[in-house]
Amino acid sequence: VGPADIMNSYKLIFSGGTFSGNPLTMTAGAAILGYLKAHPEIYLHLAEQSDRLANEMNRFLQNENMEAQLMNAQSQFSFQFTRKTIESAWDTKTITPRFPPNLFYAILHRNGVIIPGLHLFFITASHTAEDVDKVIGSMQKSFLELREYGLI
């Protein structure tokens, strides 16, 4: 929806995506934004649980002398299988793990935590402290299994 001279330009280029402009998706998105605005405490909960997950896992990995670290930006996470300092995405391009990362994710899946193929994962406002505890336990167990296999 917009002025004809602007909208006509879209005849020449593709503009779209999954659920783009779908009325149900737009209504749901607006409802979520309204809920978040009315409940700012959600952000504090997310920050606390995100920091706890990253800090506990990184402390474990460091104490166990394992070549891995859990990077996070608020509630978004990604494992990097190195102990090198990572300051930007460019630093991740030079990482050569001692084992195939997909093996870790397969073991983690077997231990009850599924991380999608892009290997990015998130926690949400619906995740409780107990949920985060379970994730931490499964991740630690998975790394210890890698050690048992002589891979880390």
Side-chain angles (χ1 to χ4, degrees), residues 13-152:
I13 59 173
F14 173 77
S15 175
T18 305
F19 305 120
S20 294
N22 179 293
L24 181 59
T25 302
M26 301 301 284
T27 301
I32 297 260
L33 291 173
Y35 186 85
L36 291 172
K37 187 174 182 180
H39 295 90
E41 69 277 5
I42 288 173
Y43 296 103
L44 179 60
H45 167 78
L46 277 173
E48 288 172 351
Q49 295 307 311
S50 297
D51 288 344
R52 186 169 72 87
L53 175 57
N55 291 337
E56 287 192 32
M57 279 309 304
N58 285 324
R59 188 172 22 258
F60 168 82
L61 293 165
Q62 187 171 19
N63 289 343
E64 294 293 327
N65 199 29
M66 294 186 177
E67 290 191 32
Q69 57 189 294
L70 182 57
M71 309 293 292
N72 79 302
Q74 297 296 331
S75 60
Q76 177 180 315
F77 299 87
S78 174
F79 276 108
Q80 300 299 323
F81 297 98
T82 183
R83 294 184 77 186
K84 294 178 188 175
T85 301
I86 297 174
E87 295 180 0
S88 74
W90 291 109
D91 296 332
T92 65
K93 304 295 182 201
T94 61
I95 297 171
T96 306
R98 292 176 42 189
F99 59 90
N102 284 341
L103 178 60
F104 168 74
Y105 295 109
I107 293 169
L108 185 61
H109 181 225
R110 189 180 68 218
N111 288 323
V113 175
I114 300 171
I115 293 181
L118 291 177
H119 302 156
L120 292 174
F121 64 99
F122 303 83
I123 63 170
T124 68
S126 65
H127 288 104
T128 65
E130 293 77 19
D131 294 330
V132 173
D133 288 339
K134 288 178 186 177
V135 169
I136 291 168
S138 293
M139 288 178 172
Q140 291 175 348
K141 181 179 179 183
S142 299
F143 276 108
L144 292 173
E145 285 184 41
L146 282 175
R147 175 176 281 158
E148 287 175 23
Y149 301 141
L151 296 172
I152 193 166

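Throughout, residue positions are numbered sequentially from 1 according to the sequence presented. These figures come from a predicted structure and were not determined experimentally.
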Do the side chains of [Y] and [X] get nearer than 4.5 Å, heavy atoms only?
X: L151; Y: L103; answer: yes
X: I95; Y: I86; answer: yes
X: R110; Y: I107; answer: yes
X: S50; Y: I123; answer: yes
X: F60; Y: L70; answer: no

Whether the side chain of [X] engages the backbone of [Y] through a donor-acceptor N/O pair (distance < 3.5 Å, no angle test) should be reported.
X: S138; Y: V135; value: no
X: N72; Y: F77; value: no
X: S78; Y: M71; value: no

Mind checking the [atom1]-[atom2] spacing from [X] to [Y]? Nearest 0.5 Å is all I need.
X: L108; Y: F121; atom1: CG; atom2: CZ; result: 8.0 Å
X: Q76; Y: L120; atom1: CD; atom2: CG; result: 5.0 Å
X: F122; Y: L46; atom1: CZ; atom2: CG; result: 11.5 Å
X: H109; Y: I114; atom1: NE2; atom2: CD1; result: 3.5 Å
X: F143; Y: M57; atom1: CZ; atom2: CE; result: 5.0 Å

- Message: Tell me which one of Q69, Q62, E64 satisfies side-chain contact (heavy atoms from CB on, under 4.5 Å) with M66.
- Response: E64

- Minimum-distance pair of heavy atoms, taken over all atoms of T27 and P23: OG1-O, 2.8 Å

- Inspect the surroundings of CD1 in I32 and state if more than 12 heavy atoms from other residues, nucleotides or ligands are less than 6.0 Å away. no

Decide whether [X] and [Y] meet the rule of one side-chain donor and one side-chain acceptor closer than 3.5 Å.
X: R52; Y: Q49; result: yes
X: N111; Y: S142; result: yes
X: E130; Y: T128; result: yes

- Note on the structure: residues 29-58 vs ring pair (Phe, Tyr, Trp, His ring centres under 6.0 Å), sequence neighbours excluded, gives Y35-H39

- Query: With under 30° as parallel and over 60° as perpendicular, where do the rings of H119 and Y105 fit, or are they tilted in between?
  - Reply: parallel

- Query: Yes or no on side chain to side chain contact (heavy atoms under 4.5 Å, CB included) for M139 and I136, after CA distance, side-chain angles and deciding distance?
  - Reply: CA-CA 5 Å; M139 288 178 172; I136 291 168; 5.8 Å; no

